[in-house]
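Below, chain A is the first sequence line, B the second, and so on; all start at residue 1.
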Amino acid sequence: MAEYSKEEIKKIEDKWRTEWQKRGIYKVSNDSPKPKYYVLDMFPYPSGAGLHVGHPLGYIASDIVARFKRIKGFNVLHPMGFDAFGLPAEQYALEHGIHPAVSTADNINNFKRQLGKIGFGYDWSREVQTCDPEYYKWTQWIFLQIFDSWFNRKTEKAERIADLIKIFEKEGNASHPIPNSKSNIKNFAAAEWKAFNEKTQQEILMQYRLAYLANTDVNWCEALGTVLANDEVINGVSYRGGFPVIKKQMRQWSLRITEYADRLLSGLDVIDFSESMKEIQRNWIGKSIGAELEFRLAGLTPSPSPGERGTSSESNPKGFQTSEKKYWHILKKFSKDNRKNQTEEEDILWQDLRNNKLGFKIRRQHALGTFIADFVCLDKRLVIEVDGEYHLNNKEYDDARTEFLNDEGFEVIRFTNEEVKSNLQEVLNKIKSTLEARPSLQRPSPSPLEGGAGDEAIKVFTTRPDTIFGIDFMVLAPEHDLVKKITTPAQQEDVANYLKYVESRSEVDRMAEVKKITGAFTGAYAINPFSGRQIPVWISEYVLAGYGTGAIMAVPCGDERDHKFAKHFNLPITNIIGTLYNGEEANSTKEATLENSDFLNGLVMTAAMDVAINKLEEMGIGKKHVNFKMRDAGWSRQRYWGEPFPVVFKDDVPYAMNESELPLELPPSNNFKPSGNGEGPLANLTDWINFTPEQKRDSNTMPTHAGAAWYFLRYMDPHNKTAFADKKALEYWNQVDVYIGGSEHAVAHLLYARLWTKILHDLGYINFDEPFKKLINQGKITGVTSIFYTVKGVDLIVSKKFYDNPELIIEECKKQFGPEYFNSNLKPIIETEGIDFYERRIDISIVENDILKIDKIKEKRPALINFKFLLEDGKYICGSAVEKMSKSYFNVVNPDEIIDKYGADTLRLYEMFLGPLEQSKPWSTQGIDGVFKFLRRFWNLFHSGENFRVSDEAPTREELKVLHKTIKKVEQDIENFSFNTSVSEFMICCNELSSLKCNKRAILEPLAIVLSPFAPHIAEELWEKLGHTDSIFNAGYPAFDEQYLKENSFEYPISINGKVRVMMNIALDMPKEDIEKLVLESESVTKWTEGKAPKKVIIVPGKIVNLVM
RNA sequence: GCCCGGGUGGUGGAAUUGGUAGACACGCAGGACUUAAAAUCCUGUGGCUAGUAAUAGUCGUGCGGGUUCAAUUCCCGCCCCGGGUACCA
């Protein structure tokens, strides 16, 4: 009855699972005098496939840590929940018509059932599900906090938008310029800010918000009808499904994670993640330090001539039919003259426009292109014309000018002389309101409007300012703004053709031919600011628009790509590193001494960098610059099954919903098809989207990362109705002490969780700014696929040996099936085609230790019923391959099967025994018997035959030594996450106690406690049998006592010339001199030394003695 | 290509402030028990050479060098495997 048999195990494990639940022993209190410990698993996405044996690996480890810490006296938080929003459930709904809410709930139940059987000690009362409105209410709430924040670069932290508004009102944005350098909005003064209308103010604030809406290049996946995050795109195709992905501009929510790049990077230094994990994050953030500098363009670079834009006439006294630079000074003079000859009406108006009287800087008689405007506000791109007689007579000229100005983004408003004279106030009001309604613009390039051509400059980022004298050409990204402007007429065609080619290439093409060298010459030349040398400007795909400034200075002798480009297009190569450049390939060394480099000559590159940067700064054309590879995080998904954005659009401006209106629940729907035009499935619910005539909702939902970015905080106080978690709970539980999960979440999840934590910290909600103190990545468990081999053309299946050695088949076949079979079946094949095989995967459930159960395979695959099996040693041995666990490979092992056969305790121990936790390994049940046998032997220590029998006799010193050695080793191992070695230690201990025939309570009782984190069911059962009524998990960890391990003597290995020859037992407290004497006089040693005196004697107390002869 | 991690018996793996390489387990072989099988228990088990044997010798932690009384561990060069990243200037 009391044997550790299959039936008994099932009884014990079932009993304790229900009992633990009934007693509520896993319930965790937020109010405890004990020190806290927070052990967290990455919560699973509840997929329909259920768990395979790979999933619990990390959960078992965390469960061991949690239980161990508990019996060590900590108040341990060890929760579990589900990352329940996400694409697969939605795809499943599209394919099977089952609502995501339904399939998700089913899958969660199945997961919980499977997890329950393994005996995890989760406090299920703290369970969270990200798709639960009670949960995502707070996801939305945190999103709104992020929306309501900006990153203050002075204090390097997130602050409230209200504070930013206060700053704007006081001093404009001079000390806090727009974070995105590509933004068109210019700096503004306090008065300007106040004068902006609501919409303009909101547009400006949007440029600062940490969660913002903007037109961004997104990865658009047509097949999935959605936008994907960068990390969801692999090699130009979607990570799920492998569909093509293209770049597309869409109005999307993004998180301004780039503002946190530096803190995310430096934070890595204070957290305990594996080196490879940190490295992945560092690469993703991609910080590089260098310089940003400008290259002026040389010579004339025409912009479109107005002659092409409209008609003109010789009789027009104010019109110049060219924009060439040489005419600029004439235009300028002309406008000067005009100013002196203002009409009366213009003068009247000017008195009220000048000196920022309306709150805007207005210029009069200002040259724009080849035209002159009466009044212009350059920041707002507004032209104000007062039409006198002259205009009435020159309509053609005015039309041409208006067209040109509109093309350049100007709005033109006109007043008649009459209006200005009679109704000045109304004119002024109209001017003011028009100005306020227009966004402030930073002119994309100053030249064609103000300075004429020639003022164009190409801004580049480089990490190697020291190589500036080695520049032989410049390269712009094909998408670069300047490309059109600088291309010379002679090169128009080449450039246009190249741009066409670039456009025709899909992401996949590009990925496939990354190193292909292509490009076109623009005809323009830039000037090296140091040498004055003219350098040709090219465009090429290898320069990415999205990184740095989208333009590079090419130094072919030091950069491989530049070098290949130069060779391919036959461009000259300047050598600045002397013999280190061999003319064949670039040398990217930083150690060379510079040559051909003017004032940098003779400097070592690393030192020259600063010298060059200083010079750039001195000349005012460049400065030190830090660049990041990381982009802002796209936060919109065109999906149904996610958190709706808690905002309301009024006049196209998004406003945060009130906290009292949260959660904004996902509206019920059965239409999950994306609308296809970039809107999500929610756009199909027009009543919901346009819920009032003036108010609109967002049709997108948040990515699955949103719910996962903060769930570890919700566990601390999961039922809180008034806050995402109570402040006291957040303070008490604080950081996650140990976080266990897969390394595949290195960039997305972990970065977003770290980001949200930092923002919540900055805003004062939590007092830590890194969520996870320590991260452990459990290795992947791969599947071992079993393979059998069929001989092509015959109904014959051969064992692995014959697949490896086909020459053995003939003889063996004759032996096993007789010559008749051979002659009629195999022989014809051998004679015509020779022996060739099919390799086929076979369900691993009918294979045991590589031996195929032949009767079962015939049941499973009736097609094989007439096949003959050529065996080796009477067995069919399968081949095998290590692959990921997948249903289609027939290699999935479900933990339920293992538990059925051996019990949960064996499964737990075995998964730990498999090897180091962080190492990936193929699943194999070879060896599981050893673990099972250990548990039975452990059980047997407490039993005599079928009866529980434990003696109260006092333990011997030897027995105590075994116990304390185990207590110490297991404790150390758990702290080091080396669970495989603690299982070994248990085995050693059990073996030793078995041979000592020890069944003493004083030894076995503490031992049961030490084992309990690993094998909770058996430990609890034995604990009860020992007479305890309270759970073993409320018992304390046995105290380790050093004295039992103290030895008086040590069995010294005596090595002679490095080889161990003799063992000698010597007292540990013996002085070195005495040891030496003892060893040298020992007969067994003199046998080796032949009586000669050793050259040297090395004695390491407690370790070794080495004699050098 | 670059960055990170790793390479130890037939297998999973153990041992690193440099100090007996191969713990523990699987597998395999032999034995005990049994009518038999399963289960259980005991013994052996890195390779090679010699020996009936006990045993002795010798090689051995991816490869080649080096430092050291002593190297799986430290240093230099190379090979292979796994992961990350990919025209990031």
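With a 3.5 Å ceiling on both atom-pair distances, the Watson-Crick or G-U wobble partner of B/G1 is B/U85. Across all strands shown, nothing is found opposite B/A36 as a Watson-Crick or G-U wobble partner with both distances under 3.5 Å. In a base pair of the Watson-Crick type (N1 to N3 plus N6-O4 or O6-N4) or a G-U wobble (N1-O2 and O6-N3), with each distance short of 3.5 Å, B/G30 is matched with B/C42. Judged by Watson-Crick or G-U wobble contacts below 3.5 Å, the nucleotide B/G19 has B/C69 as its partner. Look at B/U49: its Watson-Crick or wobble partner, with both distances under 3.5 angstrom, is B/A56. Taking a pair to require two hydrogen-bonding distances under 3.5 Å in either a Watson-Crick or a G-U wobble arrangement, B/C24 pairs with B/G12. Across all strands shown, the partner of B/C63 is B/G77, judged by Watson-Crick or G-U wobble contacts whose two distances both fall under 3.5 Å.
Among the protein residues, A/Val1060 comes within range of the sugar-phosphate backbone only, with heavy atoms under 4.0 Å from sugar or phosphate atoms but none that close to a base. Within 4.0 Å of A/Asn991, counting heavy atoms only, lie sugar-phosphate atoms of the nucleic acid but no base atom. Note on A/Phe913: a base of the nucleic acid sits closer than 4.0 angstrom, heavy atoms only. A/Val555 comes within 4.0 angstrom of nothing in the nucleic acid, heavy atoms only. Here A/Met1063 lies in heavy-atom contact (under 4.0 Å) with a base. When heavy atoms are screened at a 4.0 angstrom cut-off, A/Leu914 is found touching the sugar-phosphate backbone but no base atom. Residue-level contact check: A/Pro916 touches the backbone only, with heavy atoms under 4.0 Å from sugar-phosphate atoms and none from bases.
B/A25 sits 14 Å from B/U45 when the C1' atoms are compared, rounded to a whole Å. Taking atom C1' on both B/U43 and B/C76, the two are 47 Å apart, rounded to the nearest angstrom. Using atom P as the reference point in both B/G57 and B/A15, the two lie 30 Å apart (nearest Å). On the C1' atoms, B/U11 is 11 Å away from B/C28, given to the nearest whole Å. Going from the C1' atom of B/G47 to that of B/U61 covers 13 Å, rounded to whole Å. Going from the C1' atom of B/A54 to that of B/G5 covers 47 Å, rounded to whole Å. For B/C3 and B/A14, the P atoms lie 28 Å apart once the distance is rounded to whole Å. Only the P atoms considered, B/G18 is 38 Å distant from B/A89, to the nearest whole Å.
Of the side-chain N and O atoms in A/Arg936, none sit less than 4.0 angstrom from OP1 or OP2 of B/A39. Contact check, A/Asn980 against B/A14: a side-chain N or O comes under 4.0 Å of OP1 or OP2. Phosphate contact (OP1/OP2 of B/U40, side-chain N/O of A/Arg937, threshold under 4.0 Å): absent. OP1 or OP2 of B/C69 sits under 4.0 Å from a side-chain N or O of A/Lys1096. A sub-4.0 Å separation between OP1 or OP2 of B/G18 and a side-chain N or O of A/Lys1103 is absent. The side chain of A/Gln919 contributes no N or O atom lying less than 4.0 Å from OP1 or OP2 of B/G6. The phosphate of B/A89 (OP1 or OP2) has a side-chain N or O of A/Ser288 nearer than 4.0 angstrom. Using a 4.0 Å cut-off, no side-chain N or O of A/Asn1106 falls inside it from OP1 or OP2 of B/U20.
Rounded to a whole Å, the CZ atom of A/Arg631 is 13 Å from the P atom of B/A86. Atom CD in A/Glu985 sits about 12 Å away from atom P in B/A25, given to the nearest Å. Atom P of nucleotide B/C69 and atom NZ of A/Lys1095 are separated by 10 Å, given to the nearest angstrom. As rounded to whole Å, 16 Å separates atom P of B/U85 from atom CZ of A/Arg282. A/Met987 places its CE atom 17 Å from the P atom of B/G12, with the value rounded to the nearest Å. Look at NZ on A/Lys564: it is 11 Å from P on B/G1, rounded to the nearest Å. Spacing between atom CG of A/Leu775 and atom C1' of B/C4 amounts to 15 Å, rounded to whole angstrom units. In this structure, CZ of A/Arg1061 is placed 19 Å from P of B/C69, rounded to the nearest angstrom.
Although no hydrogens or angles enter the test, the distance criterion places a donor-acceptor pair under 3.5 Å between the side chain of A/Asp559 and the main chain of A/Asp562. Under a 3.5 Å cut-off, the side chain of A/Arg908 and the backbone N or O of A/Ala1015 do not form any donor-acceptor pair. Looking at A/Asn587, its side chain never comes within 3.5 Å of a backbone N or O of A/Tyr581 through a donor-acceptor pair. A donor-acceptor pair is defined here as one N or O able to donate and one able to accept, closer than 3.5 Å; no such pair exists between the side chain of A/Tyr1052 and the backbone of A/Ile1099. Between the side chain of A/Gln281 and the backbone N or O of A/Ala746 there is at least one donor-acceptor pair closer than 3.5 Å.
Nearest nucleotide to the A/Glu275 side chain, out of B/C87, B/C4, B/G19: B/C4. Among the nucleotides B/C4, B/A89, B/U20, the one closest to the side chain of A/Ser276 is B/C4. Taking every side-chain heavy atom of A/Leu544 into account, B/A89 is the closest of B/A89, B/G19, B/U85. Side-chain proximity of A/Lys933 to the nucleotides B/U20, B/U40, B/C88 is greatest for B/U40.
For A/Lys965, the NZ atom is densely surrounded, since the number of other residues' heavy atoms within 6.0 Å is greater than 12. For A/Lys961, the NZ atom is loosely surrounded, since the number of other residues' heavy atoms within 6.0 Å does not exceed 12.
For the pair A/Glu279 and A/Asp559, both in contact range of RNA chain B, the more 5′-proximal nearest nucleotide belongs to A/Glu279. Ranked by how close their nearest RNA chain B nucleotide is to the 5' end, A/Thr981 and A/Ser984 are led by A/Thr981.
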Yes or no on side chain to side chain contact (heavy atoms under 4.5 Å, CB included) for A/Leu993 and A/Phe938, after CA distance, side-chain angles and deciding distance?
CA-CA 9 Å; A/Leu993 291 179; A/Phe938 186 79; over 6 Å; no

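Base orientation for B/G27: anti, the chi torsion being more than 90° from 0.
For the atom pair OG1 of A/Thr518 and CZ of A/Phe565, the computed distance is 7.5 Å after rounding to the nearest 0.5 Å.
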